[in-house]
Amino acid sequence: QVQLVQSGGGLVQAGASLRLSCVASGRTISRYAMGWFRQAPGKEREFVATINWMGGNTLYGHSVKDRFTISRDNAKNTVSLLMNSLKPEDTAVYYCAAKMALGTSLYTDYQQYDYWGQGTQVTVSS
């Protein structure tokens, strides 16, 4: 089993930066790909970024590429999302997720993930 606990988020001005963190606990964390998704009111859950613990490969959604960075710290069993140059369109609840993975596989569909953090609100004002 995997448990995910998120921290970070908040209210910031456009152009600011925030770092979200997700601490994973449980069995064989290295077997799971980790992802970040977000969901705004009235919108479907959107892929943000993913990283596979086994190989370290990363993938980003087009709308956040070159602004957001996903990273891992295996010593702390954490995955982080550094969000730079935030825009009002980034306002959403952000979720950390875990998916049992094969090799270097990456997953962009939220329906493929098995475990979810509690979510954290990010609000960006203009």
Side-chain angles (χ1 to χ4, degrees):
Q1 72 283 358
V2 176
Q3 295 81 43
L4 305 176
V5 179
Q6 299 178 221
S7 62
L11 172 63
V12 299
Q13 295 280 335
S17 297
L18 279 176
R19 181 181 291 274
L20 306 182
S21 295
C22 177
V23 180
S25 63
R27 302 173 62 191
T28 58
I29 298 300
S30 62
R31 288 178 171 266
Y32 288 83
M34 305 297 296
W36 288 97
F37 293 80
R38 65 187 184 185
Q39 188 166 23
K43 300 273 190 174
E44 293 187 357
R45 194 159 296 189
E46 177 188 11
F47 169 71
V48 174
T50 187
I51 184 170
N52 63 310
W53 292 95
M54 182 178 296
N57 294 36
T58 61
L59 189 67
Y60 297 90
H62 180 74
S63 64
V64 306
K65 193 175 188 298
D66 300 323
R67 295 191 299 121
F68 292 9
T69 303
I70 188 171
S71 61
R72 65 180 179 181
D73 186 336
N74 289 334
K76 298 180 179 179
N77 287 333
T78 62
V79 61
S80 298
L81 184 70
L82 175 60
M83 304 181 293
N84 292 323
S85 301
L86 282 163
K87 305 174 181 180
E89 305 90 89
D90 297 317
T91 296
V93 176
Y94 284 70
Y95 296 92
C96 176
K99 171 72 175 74
M100 180 65 184
L102 299 174
T104 58
S105 297
L106 295 171
Y107 304 90
T108 61
D109 186 347
Y110 75 90
Q111 294 178 306
Q112 297 176 297
Y113 283 76
D114 303 305
Y115 303 98
W116 292 86
Q118 79 277 18
T120 185
Q121 178 71 43
V122 172
T123 302
V124 184
S125 62
S126 60

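A heavy-atom distance below 4.5 Å is not found between the side chains of Trp36 and Phe68. Using a 4.5 Å heavy-atom cutoff, the side chains of Met100 and Asp114 are in contact. Here the side chains of Thr78 and Ser21 are not in contact, with every heavy-atom distance at 4.5 Å or above. A 4.5 Å side-chain heavy-atom check between Arg38 and Val64 finds at least one atom pair inside the cut-off. Annotation: side chain of Tyr113 is in contact with side chain of Thr50 (closest heavy-atom distance under 4.5 Å). Between Asp90 and Arg67 there is a side-chain heavy-atom pair separated by less than 4.5 Å. A 4.5 Å side-chain heavy-atom check between Glu46 and Ser63 finds at least one atom pair inside the cut-off. Within the 4.5 Å cutoff, the side chain of Tyr94 has heavy atoms near those of the Met83 side chain.
Nearest approach of Gln118 to Tyr95, heavy atoms of both residues: O-CE2, 4.0 Å. Contact record, Ala98 with Val2: CB-CG1, 4.4 Å, taken as the closest heavy-atom pair. The minimum heavy-atom distance linking Val79 with Cys96 is given by the pair CG1-SG, 3.8 Å. Closest heavy-atom contact between Ser17 and Ser85: OG-N, 4.2 Å.
Lys99 NZ to Asp109 CG: the interatomic distance, rounded to the nearest 0.5 Å, is 10.5 Å. The structure places CG of Leu82 at 5.5 Å from OG1 of Thr69, a figure rounded to the nearest 0.5 Å. Separating the CG atom in Leu106 from the CD1 atom in Ile51 is a distance of 9.0 Å, to the nearest 0.5 Å. Rounding to the nearest 0.5 Å gives a distance of 8.5 Å between OH of Tyr110 and CH2 of Trp116. To the nearest 0.5 Å, atom OG1 of residue Thr91 and atom NZ of residue Lys43 are 12.0 Å apart.
Taking Arg19 as the reference, nothing meets the salt bridge (charged side-chain N to carboxylate O under 4.0 Å, His left out) condition, with sequence neighbours excluded.
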